[in-house]
Amino acid sequence: MNRSATRLAATCVLALLALVTTGAAAAQSTDYLPPWNPPPAGGVHFSAPPVDAIADLHGDIADPQLTVFFAGNQFMVVHDLMDAFREAYPQYQRIYVETLPPGILARQIESGSLVMGNLRIALKPDIYTAGKAAIAERQKEHGWFAETVDYVRNPLAILVARGNPKHVEGLKDLGRPDVRVSMPNPAWEGIARQIQASYRKAGGEALVTAVMKTKVADGSTFLTHIHHRQSPLRVLQGESDAAPVWSTEAYFQQEILHRPVETIAIPADQNSIATYTAARMKDAPHAQAAKDFLHFMQTPAAQAIYRKYGFQTVGGGDHAAH
């Protein structure tokens with residue numbers, strides 16, 4: 001083989017290696033895309049992330065016997081929880097669940113429907129869950145609920161890529177110009193209020209201004225539409241360096257899915273702990289199912305499932321964030 005042919009062969013090999021490496025990286029990146037729960041059994045399975053995948057609508061949308069609107073950061077619990085509920089109450093098999101931000105779910109209740117892409121959903125919930133303070137506010141404003149139950153608690157944490165390349169040690173570091181932050185949008189994500197309260201504890205109003213105004217303006221803080229999906233994904237794909245999240249979201253990515261991320265703990269004196277409350281709707285379409293599910297949420301079986309995914313059960317001495 002002459003020198004020219006040798007150079008051509010070497011170039012082809014290098015190009016092929018580059019193509020294989022790029023393809024492997026793309027495949028690895030695609031592996032991070034939601035949905036992160038196992039799909040229901042049966043039927044024709046079809047999705048094409050990211051252009052055609054539904055992560056936060058679960059179960060049977062046709063003639064459900066129970067409809068639950070869950071605050072979205074509990075998405076990882078839903079499948080185990082509903083399987084256990086069906087086992088305890090076998091008369092309820094067709095269950096529909098949404099795990100969207102609670103502000104979006106509240107707007108869905110007010111308007112009467114949700115439009116997602118080309119799909120319109122006009123189901124009314126039997127159960128609505130959100131933070132304790134949000135439930136109290138909506139009850140005062142709308143009088144929606146017949147009964148409420150507190151069931152778990154959750155502190156905040158900071159999610160970073162494995163190895164913590166930006167050396168984030170705490171909340172104050174999120175105000176640094178070089179740290180790209182994925183932050184829930186206060187317009188509809190209740191977690192934003194707790195995070196901003198923690199910013200004030202860690203660095204005063206100056207830290208809140210830096211993260212929520214200065215860095216939003218220059219693009220180094222990204223405001224999410226659905227933080228429990230976008231924030232972990234942005235860290236995994238290298239688009240954000242750090243994301244304040246509920247600790248269970250970091251636990252799920254690191255310990256359940258074994259993704260290349262790390263969790264930075266927030267000290268107790270800077271943290272905010274949310275209490276989650278389940279509410280039975282006064283106009284629940286399936287009144288008995290709603291009562292049974294609210295009772296089930298307080299059982300040892302339900303509490304054990306939540307502990308499996310890192311939640312703190314009520315009665316553990318934690319304080320509620322308001």
Side-chain angles (χ1 to χ4, degrees), residues 26-102 104-105 107-109 111-129 225-230 232-233 236-237 248-249 252-253 256-259 278 281 284-290 292-294 296-297 301-302 304-306 308-309:
Q28 185 180 30
S29 176
T30 300
D31 287 344
Y32 298 144
L33 295 175
W36 298 317
N37 300 86
V44 176
H45 286 226
F46 174 79
S47 65
V51 295
D52 211 337
I54 298 175
D56 285 294
L57 308 183
H58 311 253
D60 293 284
I61 201 168
D63 191 25
Q65 296 165 300
L66 174 71
T67 297
V68 183
F69 286 5
F70 267 112
N73 50 71
Q74 297 164 78
F75 71 89
M76 69 286 288
V77 175
V78 162
H79 287 205
D80 286 357
L81 193 69
M82 292 309 170
D83 283 348
F85 177 67
R86 289 187 186 94
E87 184 175 350
Y89 293 87
Q91 65 267 40
Y92 307 121
Q93 292 298 311
R94 298 188 308 279
I95 301 173
Y96 173 69
V97 176
E98 292 184 8
T99 54
L100 295 167
I104 298 297
L105 295 174
R107 289 169 58 186
Q108 180 178 352
I109 295 171
S111 69
S113 65
L114 172 76
V115 177
M116 182 177 286
N118 293 313
L119 176 67
R120 180 177 177 273
I121 301 165
L123 294 174
K124 291 183 177 181
D126 300 299
I127 299 287
Y128 172 84
T129 86
H225 283 77
I226 182 164
H227 87 95
H228 63 273
R229 301 292 182 183
Q230 288 176 289
L233 191 60
L236 285 164
Q237 294 184 328
T248 51
E249 294 168 294
F252 179 70
Q253 295 293 333
I256 304 295
L257 297 184
H258 305 293
R259 296 279 168 73
M281 304 293 292
H286 312 97
Q288 187 58 50
D292 290 339
F293 186 76
L294 206 64
F296 172 75
M297 290 289 281
I305 291 169
Y306 273 96
K308 170 185 173 182
Y309 289 96

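Proximity of Q108 to Y128: side-chain heavy atoms (C-beta onward) are nowhere separated by under 4.5 Å. With contacts defined as side-chain heavy-atom distances shorter than 4.5 Å, the pair W36/P232 qualifies. Residues M281 and F69 have side chains not in contact (no heavy-atom distance under 4.5 Å, counting atoms from C-beta outward).
Considering CZ of R229 and CD of E249, their distance stands at 9.5 Å, rounded to 0.5 Å. Taken from CD in Q237 to OH in Y32, the straight-line distance is 9.0 Å, to the nearest 0.5 Å. The CG atom of D126 sits 5.0 Å away from atom OG1 of T67, with the distance rounded to the nearest 0.5 Å. To the nearest 0.5 Å, atoms CD (Q253) and CG (L236) are separated by 5.5 Å. Rounded to the nearest 0.5 Å, atoms CG (L294) and CD1 (I127) are 5.0 Å apart.
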May I have the step-by-step check of side chain to side chain contact (heavy atoms under 4.5 Å, CB included) for L100 and M116, ending in yes or no? CA-CA 11 Å; L100 295 167; M116 182 177 286; 4.0 Å; yes
Test side chain to side chain contact (heavy atoms under 4.5 Å, CB included) on Q230 and L233; report intermediate values, then the result. CA-CA 5 Å; Q230 288 176 289; L233 191 60; 5.8 Å; no
When the side chains of residues 70-83 are checked against the rest of the protein, which donor-acceptor pairs come out under 3.5 Å, sequence neighbours left out?
residue	atom	partner	partner atom	Å
N73	OD1	Y276	OH	2.8
Q74	OE1	Y151	OH	2.7
Q74	OE1	Y306	OH	2.8
Q74	NE2	A71	O	3.4
Q74	NE2	T129	OG1	3.4
Q74	NE2	Y151	OH	3.2
H79	ND1	P38	O	2.9
H79	NE2	H58	ND1	3.3
D80	OD2	K308	NZ	2.8
D80	OD2	Y309	OH	2.8
D83	OD1	R86	NH1	3.3

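Sorted pairs that involve residues 37-49 and meet side chain to side chain donor-acceptor pair (under 3.5 Å), not counting sequence neighbours, are lacking altogether. Residue pairs meeting the salt bridge (charged side-chain N to carboxylate O under 4.0 Å, His left out) criterion with at least one member in residues 38-48, sequence neighbours excluded, do not occur.
The two residues A289 and Q65 make their nearest non-hydrogen contact at CB-O, 3.4 Å. L57 and L119 get closest at one heavy-atom pair: CD1-CD2, 4.0 Å. Considering every non-hydrogen atom in both V115 and R120, the closest pair reads CG2-CG, 4.3 Å. Considering all non-hydrogen atoms of both residues, P35 and A53 come closest at CD-CB, 4.2 Å.
Applying the salt bridge (charged side-chain N to carboxylate O under 4.0 Å, His left out) rule to D63 yields the partners R94; only residues at least two apart in sequence or on another chain are considered. In this structure K124 satisfies the salt bridge (charged side-chain N to carboxylate O under 4.0 Å, His left out) test with no other residue, sequence neighbours excluded. Here D292 pairs with nothing under the salt bridge (charged side-chain N to carboxylate O under 4.0 Å, His left out) rule; sequence neighbours left out.
When the options Y96, Y89, F85 are evaluated for a side chain to side chain contact (heavy atoms under 4.5 Å, CB included) with L66, the one that passes is F85.
Between the side chain of E98 and the backbone N or O of L105 there is no donor-acceptor pair closer than 3.5 Å.
Atom CD of Q91 is surrounded by more than 12 heavy atoms from other residues, nucleotides or ligands within 6.0 Å.
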